[in-house]
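Everything below concerns the one structure shown next.
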Amino acid sequence: MGKSIAIDGPAGAGKSTIAKMVAKDLGYIYVDTGAMYRAMALYLIRQGIDRDDTAGIEKACEDADISIEYENGQQVVLLMGENVNAYLRTEEVGNMASASSANAKVREKLVDLQKKLASSKDVVMDGRDIGTVVLPDSRCKIYLTASSAVRAKRRYDELTEKGITSDIKQIEADIIERDNRDMSRENSPLKQAEDAVLIDSSDMTIDEVKNAILAKAKERL
Ligand code: DC
């Protein structure tokens with residue numbers, strides 16, 4: 001096992017931005033597990049499978065070939081050998097990922113891949129169940145959250161910057177719905193691990209959050 005920092009928390013808390021910065025600072029590899037669930041979701045969408053079709057999801061999950069590569073330190077997700085990074089960040093894929101990630105077969109397959117990645121390398125890994133299920137022995141666990149209003153505002157600003165018009169109220173409603181689904185599902189629900197440090201980033205800058213995590217890492221690793 002390499003060294004690890006496990007970062008969990010709800011959508012839009014800033015996990016990936018912060019995790020990337022922390023990984024760069026420490027020379028660790030950043031593993032974005034949400035991107036793996038998104039790649040699985042993209043596969044299901046491309047296969048025309050409905051999000052409520054459990055049998056269809058389980059069959060497709062067996063066929064889906066998902067793997068990870070690193071190019072210039074950047075994680076590349078390969079679906080059936082194709083680099084699909086450019087297709088993963090849409091709301092459609094995110095909503096499908098939230099629904100299909102509740103499936104135990106989907107989780108089993110991707111958790112396995114995540115454990116393998118962490119077994120040989122030092123990683124900063126982010127997701128929903130990293131501290132609780134994927135890396136339960138990690139010595140540095142962070143639970144990063146922020147209010148739903150703040151998270152919606154961040155997402156809205158991100159879309160606006162890309163020239164995409166959106167409705168902030170709708171974004172917040174989607175965030176709350178996704179949180180509820182992620183936290184109330186039977187398989188590996190999103191929750192703070194007992195030994196995780198809670199960071200609420202609502203009133204913090206990115207640098208403040210990064211420094212808080214680096215300080216924890218120094219103390220614990
Ligand atoms: O972090 P994200 O928005 O890219 O994640 C997309 C979905 O995948 C999210 O709704 C929950 C799910 N997910 C999960 O169940 N477990 C993880 N470790 C990471 C993501």
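Whatever order the structure lists ligands and atoms in, that order sets their numbers, starting from 1. Computed from a prediction, not measured in an experiment: that's the story for all the values here.
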Original post:
Which ligand 1 atoms does Arg178 reach within 4.0 Å, using its non-hydrogen atoms?
Top reply: 3 (O), 10 (O)
Original post:
Heavy-atom contact under 4.0 Å between Met36 and ligand 1?
Top reply: no
Original post:
Nearest protein heavy atom to atom 7 (C) of ligand 1, by residue and atom, and its distance?
Top reply: Ala97 CB, 3.7 Å
Subject >> Non-hydrogen side-chain atoms of Met40 and Arg107 separated by less than 4.5 Å >> reply: no
Original post:
Looking only at protein heavy atoms, which one is nearest to atom 19 (C) of ligand 1, and how far off is it?
Top reply: Thr33 OG1, 3.4 Å
**OP:** State the atoms of ligand 1, each with its element, that fall below the 4.0 Å cut-off from a heavy-atom position in Ser98.
**Re:** 10 (O)
Subject >> Nearest protein heavy atom with distance in Å, relative to atom 6 (C) of ligand 1 >> reply: Arg38 NE, 3.8 Å
**OP:** Start with the C-alpha gap between Arg38 and Tyr87, add the side-chain angles, then the distance that decides, and say whether side chain to side chain donor-acceptor pair (under 3.5 Å) holds.
**Re:** CA-CA 9 Å; Arg38 286 171 180 270; Tyr87 309 112; over 6 Å; no
Original post:
Is the number of heavy atoms from other residues, nucleotides or ligands under 6.0 Å of Glu92 CD greater than 12?
Top reply: no
**OP:** Would you mind listing which atoms of ligand 1 come within a distance below 4.0 Å of any non-hydrogen atom of Arg89?
**Re:** 4 (O)
Subject >> Whether over 12 other heavy atoms sit under 6.0 Å from Glu108 CD >> reply: no
Subject >> Test item, Arg185 contacting ligand 1 (heavy atom, 4.0 angstrom) >> reply: yes
Original post:
Of all the non-hydrogen atoms in the protein, which one sits nearest to atom 12 (C) of ligand 1, and at what distance?
Top reply: Ser101 OG, 3.5 Å
Original post:
Short question: side chain of Asp126, backbone of Ser16 - any donor-acceptor pair under 3.5 Å?
Top reply: yes
Original post:
Among all protein non-hydrogen atoms, which one is nearest to atom 9 (C) of ligand 1, and what is the separation to 0.1 Å?
Top reply: Arg128 NH2, 3.4 Å
**OP:** Answer yes or no: is there an ion pair linking Arg155 with Glu91, defined by an N-O contact shorter than 4.0 Å?
**Re:** yes
Subject >> Under 4.0 Å to a heavy atom of Gly127 - the qualifying atoms of ligand 1, by number >> reply: 17 (C), 18 (N), 19 (C)
Subject >> Heavy-atom neighbours of Glu219 CD exceed 12 at 6.0 Å >> reply: yes
Subject >> Tyr43 and Asp63: CA distance, side-chain angles, deciding distance, side chain to side chain donor-acceptor pair (under 3.5 Å) verdict >> reply: CA-CA 10 Å; Tyr43 184 71; Asp63 300 338; 4.6 Å; no
Original post:
Which residue holds the protein heavy atom closest to atom 8 (O) of ligand 1, what is that atom called, and what is the gap in Å?
Top reply: Tyr37 CB, 3.5 Å
Subject >> Part of Ala11 with heavy atoms under 4.0 Å of ligand 1, whether side chain, backbone, both or neither >> reply: neither
Original post:
Which atoms of ligand 1 have any heavy atom of Asp182 under 4.0 Å away?
Top reply: 9 (C), 10 (O), 11 (C)
**OP:** Let me see the working for Ser98 and Arg178 under side chain to side chain donor-acceptor pair (under 3.5 Å), right down to the final yes or no.
**Re:** CA-CA 7 Å; Ser98 175; Arg178 194 179 299 182; 4.8 Å; no
Original post:
So if you build clusters from Ile, Leu, Val, Met, Phe, Trp, Tyr with side-chain heavy-atom gaps below 4.5 Å, do Ile66 and Ile49 land together?
Top reply: yes
Original post:
Any N or O on Lys15 sitting closer than 3.5 Å to an N or O of ligand 1?
Top reply: no
**OP:** May I ask you to identify, for Gln114, whether its side chain, its backbone, both or neither come under 4.0 Å of ligand 1 on a heavy-atom basis?
**Re:** neither
Original post:
Should the heavy atoms of other residues, nucleotides or ligands under 6.0 Å from OH of Tyr156 be counted, would the total exceed 12?
Top reply: no
Original post:
Using a heavy-atom cut-off of under 4.0 Å, does the side chain or the backbone of Asp32 touch ligand 1, or both, or neither?
Top reply: neither
**OP:** Check each heavy atom of Arg107 against ligand 1 and say whether those closer than 4.0 Å belong to the side chain, the backbone, both or neither.
**Re:** side chain
